[in-house]
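Working notes, structure below.
Just so you know, residue 1 is the first one in the sequence shown, and it goes up from there.
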Amino acid sequence: MNMTYEELEMRLAAWAATQSAIRAIIVIGSRARVMADQWSDLDVLIFTTDQARYASDSGWLASFGTTWLTYMEATSTGDPEWYTLYEGGLKIDAVLMPVEDETRDLESLIQPFDDWDAFRRGAFVLYDRLGTPRTFAPKPPRPHAVPTASEFENVVSGILLAAVTVAKFVARGDYWRAQRWFADDLHPHLLTLIEWHAQSEQAGRDTWYAGRFLEEWADPRVIATLPQVFPTYDRPSLTDALTALLDLTRWLSEETAVAFGFTYGTETLDKIVWLVAEISEI
């Protein structure tokens, strides 16, 4: 019988109690917010006084169950994060958080990270060497920062310039880089525009992060169009997706500009649409 996430949590907490260098373990993500479904992973922050020890060898992760694969990469703050897939499909994402003073209470240790979405949306203390398991209740969503006119123009310009680059890649048959530009440039810029549009429509609308729950907060017209802006690996699909993305950018940028009181003309966008069409005909 395969291990359950509840069993994995119990094994992780029991292991932490035997490790003098482990100060605390906090569960974040959907499993901490009672939102987990069958596809939810176990996301944990492991506070330790010996970060290098647990980062240098993944053997400790194998003590919880049979591992199929394990790999590490650094978080945006430079801390090591282990990703481990266990037999049966359970997955744990464990970030190793450095602790300099293990005598400090957990609340003061996490205070520097209080602004993280991971904590603001609720967390669960699985293990605390100086305390007991407990829950950090979710905090109200933070008011979203209103974009400046220059920030807005920069995002729209980024989409338009990337569209021209992608059109050139497609024209020369460089589909791999065209796909990369969609994933690494066009879609991230588009997501920012979708978020601003949603935030402008209704004060306090929670747009989460990285597109999470996008179907719940984005404009229904966006949801209906999104399948068209994710191309397959061929010229017709890439060209059609680029056209659909520019059409989506047009009305999103126009409505967002009005909502925030920006002055935004469509002359440049018209020129880019024309140029992309010309390149696509070559």
Going by atom types only, do Gln199 and Thr207 share a side-chain donor-acceptor pair under 3.5 Å? yes
Only one of Arg120, Lys139, Arg121 clears salt bridge (Lys or Arg N to Asp or Glu O under 4.0 Å) with Asp206; which? Arg121
Quick one: which of Leu130, Thr48, Thr103 gives a side-chain contact (heavy atoms from CB on, under 4.5 Å) with Arg23? Leu130
With sequence neighbours excluded, residues passing side chain to side chain contact (heavy atoms under 4.5 Å, CB included) with Ser30: Arg33, Met35, Ala36, Ser40, Arg212
Does the side chain of Leu242 come within less than 4.5 Å of Val276's, by heavy atoms? yes
Which hydrophobic side chains are connected to Trp39, either touching it within the sub-4.5 Å cutoff or through other members that do? none
Is there side-chain contact between Trp274 and Ile279, with heavy atoms separated by less than 4.5 Å? no
Tightest non-hydrogen contact, residues Leu61 and Tyr86, listed as O-OH, 2.6 Å
State, yes or no, whether a side-chain contact exists between Leu90 and Asn2 at a heavy-atom distance under 4.5 Å. no
Evaluate the ring planes of Phe64 and Trp60, with Trp represented by its six-membered ring, and classify them as parallel (under 30°), tilted (30 to 60°) or perpendicular (over 60°). perpendicular
Between Arg134 and Glu107, does any side-chain N to carboxylate O distance fall below 4.0 Å? yes
Residues at least two apart in sequence or cross-chain that pass ring pair (Phe, Tyr, Trp, His ring centres under 6.0 Å) with Trp251, listed by chain then number, are His197
Identified side-chain contact (heavy atoms from CB on, under 4.5 Å) partner of Val27 from the options Val125, Leu12, Val44, Thr135: Val44
Regarding Asp234 and Thr232, is there a side-chain donor-to-acceptor distance under 3.5 Å anywhere? yes
Over 60° means perpendicular and under 30° means parallel, so tell me whether Phe113 and Phe47 are parallel, tilted or perpendicular. tilted
Qualifying residues under side chain to side chain contact (heavy atoms under 4.5 Å, CB included), relative to Glu267, sequence neighbours excluded: none
Pairwise side-chain contact, Asp79 with Met97, heavy-atom cut-off 4.5 Å (strictly under): yes
Are the side chains of Thr49 and Ile22 in touch, meaning some heavy atoms are under 4.5 Å apart? no
Quick one: sort the Phe152 and Phe262 rings into parallel, tilted or perpendicular, breaks at 30° and 60°. tilted
Below 4.5 Å, heavy atoms only, C-beta onward: do Val258 and Glu255 meet side chain to side chain? no
What's the verdict on salt bridge (charged side-chain N to carboxylate O under 4.0 Å, His left out) for Arg177 and Asp174, showing C-alpha distance, side-chain angles and the deciding distance? CA-CA 6 Å; Arg177 284 206 290 173; Asp174 194 348; 2.7 Å; yes
Check for me whether Arg235 meets the cation-pi criterion with Tyr175, that is, NZ or CZ under 6.0 Å from the six-membered ring centre and within 45 degrees of the ring axis. no
If you measure from CG on Asp185 to OG1 on Thr165, what distance do you get to the nearest 0.5 Å? 7.5 Å
I'd like to check the ring pair (Phe, Tyr, Trp, His ring centres under 6.0 Å) partners of His187; sequence neighbours left out, ordered by chain and number. Phe182, Phe230
Could you list the residues that satisfy ring pair (Phe, Tyr, Trp, His ring centres under 6.0 Å) with Phe124, not counting sequence neighbours? none
Please report the closest heavy-atom contact between Tyr127 and Ala13, naming both atoms and the distance. CD1-O, 4.0 Å
Smallest heavy-atom separation, Tyr264 atom then Leu160 atom, equals OH-CD1, 4.3 Å
